[in-house]
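As structure tokens, the structure follows; a few thoughts come after it.
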Number of protein chains: 2
Amino acid sequence: MTEYKLTHHDCPVTYTLSVLGGKWKWLIIYTLSGEGTLRYGELKRNLPGITHKMLSQELKGLEAEQLIDRKEYHQIPPKVEYSLTKKAQTLIPILDLMCDWGKTNWPKANPGC
Amino acid sequence: MTEYKLTHHDCPVTYTLSVLGGKWKWLIIYTLSGEGTLRYGELKRNLPGITHKMLSQELKGLEAEQLIDRKEYHQIPPKVEYSLTKKAQTLIPILDLMCDWGKTNWPKANPGC
DNA sequence: CAGTATCCCATAAGATACTG
DNA sequence: CAGTATCTTATGGGATACTG
């Protein structure tokens, strides 16, 4: 995760896209930005279509990038809470613009946000 | 291209990510935003690592989404120029924020932009 | 409940050759 | 020069079963 095999070596946009690449990372961060703190199962319910494998895999990657905090309560049954780090919070303005763009260019009527 | 098989049906962020998904679309738009108008070969030289197949494929997709204009000069040898549509230009603020984020969080020193 | 591990398949993406 | 077509390989991602 600390290796960035980019071709476009010195471009910050490429760097950002490499960190947030894949199908779900932006959406996981977006979901946590709206809900604050969520348990694993809650997060999954808020991301329709994501599979168990993808969610746990992406969460590990995001944690490694220090974009999410993982707080584990050592109890039975287990409880784990996820939230955004300060670093991830600086991505929220980008997500807000993506939301605006989506609403403006949405081919259907009246999307929520 | 007019079908959006999303799971997160009513989310504009998901919609935006579906339109700009894949490995190269954001970067193609970013490159054109900086250079204005580029021929096919110039575009390819400005996108280190992209293959012939990917560039032509992504250009077709972006044209179908009305994010780029394709102007063909009927001459020999052929000349084709690509530029951003107004719709794509509204994505530039997002790319600018991605650039800022990349510069701030870049693990190496002094990236260009 | 919150994960890991394994198997399998669909698609993304690369290499190469050919064409107007 | 600016593409298309074809073939192959690498990777992403799904389904399912198992564990602390």
Side-chain angles (χ1 to χ4, degrees), chain A residues 1 3-8 14 17-29 31-32 35 37-65 67-83, chain B residues 1 3-8 14 17-29 31-32 35 37-65 67-83:
Chain A
M1 274 299 174
E3 182 186 337
Y4 305 102
K5 37 179 176 176
L6 303 177
T7 49
H8 216 177
T14 304
L17 289 171
S18 75
V19 173
L20 279 305
K23 192 173 168 181
W24 293 104
K25 293 198 183 71
W26 286 109
L27 286 175
I28 290 171
I29 291 172
T31 301
L32 284 172
E35 303 291 336
T37 296
L38 288 175
R39 298 178 61 174
Y40 180 90
E42 296 171 327
L43 199 42
K44 189 165 189 309
R45 278 190 291 280
N46 277 280
L47 290 165
I50 199 169
T51 62
H52 195 29
K53 178 187 174 182
M54 286 310 299
L55 181 54
S56 52
Q57 182 178 298
E58 298 292 63
L59 286 173
K60 278 186 74 172
L62 290 168
E63 192 187 358
E65 290 283 357
L67 291 171
I68 58 173
D69 280 324
R70 179 179 183 280
K71 182 171 184 182
E72 183 173 359
Y73 296 82
H74 295 280
Q75 58 184 48
I76 295 190
K79 176 179 175 178
V80 179
E81 287 182 340
Y82 292 97
S83 58
Chain B
M1 274 297 176
E3 180 187 337
Y4 306 102
K5 37 179 176 175
L6 303 178
T7 50
H8 217 176
T14 305
L17 290 171
S18 75
V19 173
L20 279 304
K23 191 173 170 181
W24 293 105
K25 293 198 183 73
W26 286 109
L27 286 175
I28 290 170
I29 292 172
T31 301
L32 284 171
E35 304 292 335
T37 296
L38 289 175
R39 298 177 62 175
Y40 181 90
E42 296 172 326
L43 199 41
K44 189 166 188 308
R45 278 190 290 280
N46 276 279
L47 291 163
I50 198 168
T51 62
H52 196 28
K53 177 187 174 182
M54 285 311 297
L55 180 55
S56 52
Q57 180 178 299
E58 298 292 62
L59 286 173
K60 279 185 71 171
L62 289 169
E63 193 188 357
E65 291 281 359
L67 291 171
I68 58 173
D69 280 326
R70 178 180 184 280
K71 182 173 184 182
E72 183 172 0
Y73 297 83
H74 294 279
Q75 59 184 47
I76 295 190
K79 175 178 175 180
V80 180
E81 288 181 340
Y82 292 96
S83 58

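In the text below, chain A, chain B and the rest are named by the order of the sequence lines, each starting its count at 1.
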Going by heavy atoms in the side chains, are A/Thr37 and A/Leu32 under 4.5 Å from each other? no
On DNA chain D, nearest-nucleotide positions of A/Gly22 versus A/Pro78: which is more 5'? A/Gly22
From CD of B/Gln57 across to P of C/dA12 the rounded distance in Å is 8 Å
How many whole angstroms separate atom CH2 of A/Trp24 from atom P of D/dT11? 22 Å
Residue whose nearest DNA chain D nucleotide is more 5′ - A/Met54 or B/Pro77: B/Pro77
My understanding is that a pair needs two contacts under 3.5 Å, Watson-Crick or G-U wobble. By that rule, which nucleotide pairs with D/dA15? C/dT6
In whole angstrom, give the distance that lies between atom CD1 of B/Ile50 and atom P of D/dA2. 15 Å
Kindly say if B/Lys23 contacts the phosphate of C/dG14, meaning a side-chain N or O under 4.0 Å from OP1 or OP2. yes
Here the distance between atom P of D/dG3 and atom CG of B/Leu62, to the nearest Å, is 13 Å
At 4.0 Å (heavy atoms only), tell me whether A/Thr51 reaches a base, stays on the sugar-phosphate, or touches nothing. sugar-phosphate
Do the side-chain N or O atoms of B/Tyr82 get closer than 4.0 angstrom to the phosphate oxygens (OP1, OP2) of D/dG3? yes
Distance, nearest 0.5 Å, that separates CD of A/Glu72 from OH of A/Tyr40: 13.5 Å
Would one find a side-chain N or O of B/Arg39 under 4.0 angstrom from OP1 or OP2 of D/dC1? no
Gap between atom CD of B/Glu35 and atom CD of B/Glu42 - 0.5 Å precision: 8.5 Å
Indicate yes or no: does A/Glu81 engage A/Arg39 in a salt bridge with an N to O separation below 4.0 Å. no
It should be established whether B/Arg70 places a side-chain nitrogen or oxygen under 4.0 Å from OP1 or OP2 of nucleotide D/dG3. yes
Between C1' of C/dT19 and OH of B/Tyr40, the distance in whole Å: 14 Å
Measure the distance from CG on A/Leu38 to C1' on C/dA2 and round it to the nearest whole Å. 15 Å
Most 5' of A/Leu59 and A/Lys53 on DNA chain C, judged by nearest nucleotide: A/Leu59
Whole-Å distance separating the NZ atom of B/Lys44 from the C1' atom of D/dC1: 13 Å
Would the base of D/dG14 count as contacting A/His52 through its side chain, where contact means a donor and an acceptor less than 3.5 Å apart? no
Report the distance from atom CD of A/Glu72 to atom C1' of D/dG20, rounded to the nearest whole Å. 10 Å
What does A/Tyr73 touch in the nucleic acid at a heavy-atom separation under 4.0 angstrom: a base, only the sugar-phosphate, or nothing? nothing
Under 4.5 Å between any side-chain heavy atoms of A/Leu62 and A/Lys25, yes or no? yes
